[in-house]
Trainee: 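Take this structure first; my questions come after.
Here is how names work: the chains are called A, B, and so on, in the same order as the sequence lines, proteins then strands, and each is numbered from 1. Just so you know, these numbers use all the heavy atoms, side chains as well, and skip hydrogens, waters and symmetry mates.
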Protein chains: 2
Amino acid sequence: MARAGLTADRLTQAAAELADEVGFENVTVSALARHFGVKDASLYSHIRNAQDLRVRLAVLALAELADQVAEAIAGRSGKGALVAFANAYRAYAREHPGRYTATQMALDPDTAATSAAGKHAEMTRAILRGYDLWEPDQTDAVRLLHSTFHGYVSLERAGAFHSHPRGVEASWTRALDALDSVLRAWPD
Amino acid sequence: MARAGLTADRLTQAAAELADEVGFENVTVSALARHFGVKDASLYSHIRNAQDLRVRLAVLALAELADQVAEAIAGRSGKGALVAFANAYRAYAREHPGRYTATQMALDPDTAATSAAGKHAEMTRAILRGYDLWEPDQTDAVRLLHSTFHGYVSLERAGAFHSHPRGVEASWTRALDALDSVLRAWPD
DNA sequence: AGGCTTACCTAGAGGTCCTAGGCAAATTAT
DNA sequence: ATAATTTGCCTAGGACCTCTAGGTAAGCCT
């Protein structure tokens, strides 16, 4: 009997692909076991439980997203960096719907700190170097940007914008313009 | 044997309370049946399936949220309306976490149109009457506002803001200030 | 009272999560 | 190369959730 050669990492990777195919909520221990031609119980040597699997998936997705965004903003500053960040963020959510949903999991503070969750804020801060913002305005701005990006992507995915014919792309561009001008003229 | 007197509406109402107590993802047909002291199978005369129950819950929550927001902005305009809208929206999400999660379900276009999902955009438009915005800028602004509100609330709930000591309230106020100034000076 | 509708039931199949305990394959030690 | 150890995967089985089919009885109508 040849072994499948499972590891927590391979399981997490497969879970990520599965998430994008069938949706995050359908990432199940059973489905994953089926994918590897193995019994459900066999996975529990590698992951603690279903929740643990989902957390690992979330951490993976956060790291991937952070990488994509980091690559996008490299060498840019000011509005260029802002737009690059936003587009990379949105593109990741579009291309990896299941993974993106995973990034929205509530992680306990420990896991969040260890993972790339904090890297987000750090990179958003990098963008803000092109604007004239200092603490605590910087934190406020980070939160505003992150909220807007996530909110837009999230609503777009939920189909909240289908009701109106106005192009979703055009509204997105306008939102970025608006954020840029907010940052340039941050209210004192 | 006295009957429990179940109807789809009573089930939906109980599901909403259950959602706020134990989380939307734990709203299960079984749990609901237990709550009424009834067998699981009995609920299937009132709801088609578990998904149907969740959709009804989502529709209920959307209607409640729309009502709360409508009440909040009544008699206000301009920034007052903007702030009232935003605070009512956020308050609903805080007080009814399970219901709020339900509002994020992807509804099929038919259901969404029938439900109060469209009422949102309509009310957001009402806010914009205090600013000098016309189509298609109005739609862009509606999307931006909705995105920011939802994004902020969503990230706040996910604990994304715990990493930094800066008060979440202060950042929220600043975000509203920023949105107000964006609307007043919408880029042309 | 008889008949109709329907609220709720039992029975049961199938799926997911997870634990306990066992065997055998891969790895390490001798 | 063989023995000892580790560990990857197994079977068995319990608990919970979803949902269907078909039955009984409670409440409504005439």
Side-chain angles (χ1 to χ4, degrees), chain A residues 1-60 97-99 101-102 105-108 111, chain B residues 1-60 97-99 101-102 105-108 111:
Chain A
M1 288 285 182
R3 297 192 187 182
L6 303 183
T7 65
D9 282 350
R10 288 194 60 195
L11 286 177
T12 307
Q13 187 60 46
E17 288 158 19
L18 189 60
D20 288 337
E21 284 166 24
V22 303
F24 179 67
E25 70 283 2
N26 295 320
V27 172
T28 151
V29 176
S30 300
L32 207 52
R34 265 195 302 279
H35 175 262
F36 283 104
V38 148
K39 299 295 175 184
D40 306 16
S42 305
L43 302 196
Y44 289 89
S45 335
H46 306 284
I47 56 169
R48 265 208 305 282
N49 50 41
Q51 183 62 13
D52 177 45
L53 175 65
R54 290 187 199 106
V55 169
R56 284 169 188 271
L57 174 48
V59 171
L60 169 75
R99 286 162 157 99
T101 303
M105 275 193 56
L107 300 178
D108 63 292
T111 314
Chain B
M1 289 287 180
R3 297 194 187 181
L6 303 183
T7 65
D9 282 350
R10 288 194 60 197
L11 286 176
T12 307
Q13 188 61 45
E17 288 158 19
L18 190 60
D20 287 338
E21 284 165 24
V22 301
F24 179 68
E25 71 283 1
N26 295 319
V27 173
T28 151
V29 176
S30 299
L32 206 53
R34 264 195 303 278
H35 175 262
F36 283 104
V38 149
K39 299 294 174 187
D40 305 15
S42 304
L43 303 195
Y44 289 89
S45 335
H46 306 285
I47 55 168
R48 267 208 305 281
N49 51 40
Q51 183 62 12
D52 177 46
L53 175 65
R54 291 187 198 107
V55 170
R56 285 169 188 271
L57 173 47
V59 171
L60 169 74
R99 285 162 156 100
T101 303
M105 276 193 53
L107 301 177
D108 63 294
T111 314

Trainee: Within this structure, what is the OG1-NE2 distance for the pair Thr28(B) and His35(B), rounded to the nearest 0.5 Å?
Mentor: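 Answer for the OG1-NE2 pair, Thr28(B) versus His35(B), is 13.5 Å.
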Trainee: How many whole angstroms separate atom CD of Glu25(B) from atom P of dC17(C)?
Mentor: 14 Å
Trainee: Of all the choices, dT18(D), dT20(D), dT16(C), which nucleotide is nearest to the side chain of Ser30(A) once you look at every atom?
Mentor: dT16(C)
Trainee: Looking at dT18(D), dT11(D), dC18(C), which one has an atom nearest to any side-chain atom of Thr28(B)?
Mentor: dT18(D)
Trainee: Give, for atom CZ of Arg54(B) and atom OG1 of Thr101(B), the distance between the pair rounded to the nearest 0.5 Å.
Mentor: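 Output value for this atom pair is 12.5 Å.
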Trainee: Rounded to the nearest angstrom, tell me the gap between atom CG in Leu32(A) and atom P in dG15(C).
Mentor: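 Whole-Å distance recorded here is 18 Å.
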Trainee: Between dC8(C), dA12(D), dC19(D), which one does the side chain of Ala41(A) approach most closely?
Mentor: dA12(D)
Trainee: Under 4.0 Å from OP1 or OP2 of dT7(D): is there any side-chain N or O of His46(A) that close?
Mentor: no
Trainee: Taking the side chain of Val38(A) as its heavy atoms from C-beta onward, which of dC9(C), dC17(C), dC9(D) lies nearest to it?
Mentor: dC9(D)
Trainee: Report the distance from atom CG of Asp52(B) to atom C1' of dC19(D), rounded to the nearest whole Å.
Mentor: 13 Å
Trainee: How many whole angstroms separate atom CG of Leu53(B) from atom C1' of dC19(D)?
Mentor: 14 Å
Trainee: Within the pair Ser42(A) and dC10(D), is there a side-chain N or O less than 4.0 Å away from OP1 or OP2?
Mentor: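 So the side-chain polar atoms of Ser42(A) do come within 4.0 Å of the phosphate oxygens OP1 or OP2 of dC10(D), strictly under.
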Trainee: When you measure from the side chain of Asp20(B) to the backbone N and O of Arg99(B), does any donor-acceptor pair fall under 3.5 Å?
Mentor: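 Pair found, side chain donor or acceptor close to backbone of Arg99(B).
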Trainee: In whole Å, I'd like the distance from the CZ atom of Arg10(A) to the P atom of dC9(D).
Mentor: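 Rounded to whole Å, this separation is 9 Å.
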Trainee: Once you round it to whole Å, what is the distance between P of dC10(D) and CZ of Phe36(A)?
Mentor: 13 Å
Trainee: Using atom CG of Asn26(A) as one end and atom P of dT16(C) as the other, report the distance to the nearest whole Å.
Mentor: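 Nearest whole value for this atom pair: 10 Å.
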Trainee: What verdict does the side chain to side chain contact (heavy atoms under 4.5 Å, CB included) test give for Leu107(A) and Val55(A), after you've listed the backbone C-alpha separation in whole Å, the side-chain angles of each residue and the deciding distance to 0.1 Å?
Mentor: CA-CA 7 Å; Leu107(A) 300 178; Val55(A) 169; 4.0 Å; yes
Trainee: Any side-chain N or O of Arg34(B) below 4.0 angstrom from OP1/OP2 of dC17(D)?
Mentor: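 Indeed, a polar side-chain atom of Arg34(B) lies that close.
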Trainee: Nearest to the side chain of Arg54(A) - dC17(C), dC8(C), dT18(D)?
Mentor: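 So the side chain of Arg54(A) is nearest to dC17(C).
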Trainee: Taking all non-hydrogen atoms of both residues, which atom of Asp40(A) and which atom of Val29(A) are closest, and how far apart?
Mentor: O-CG1, 4.1 Å
Trainee: Rounded to whole angstrom units, what separation is found between the OH atom of Tyr44(B) and the C1' atom of dC19(D)?
Mentor: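 Answer to the nearest Å: 5 Å.
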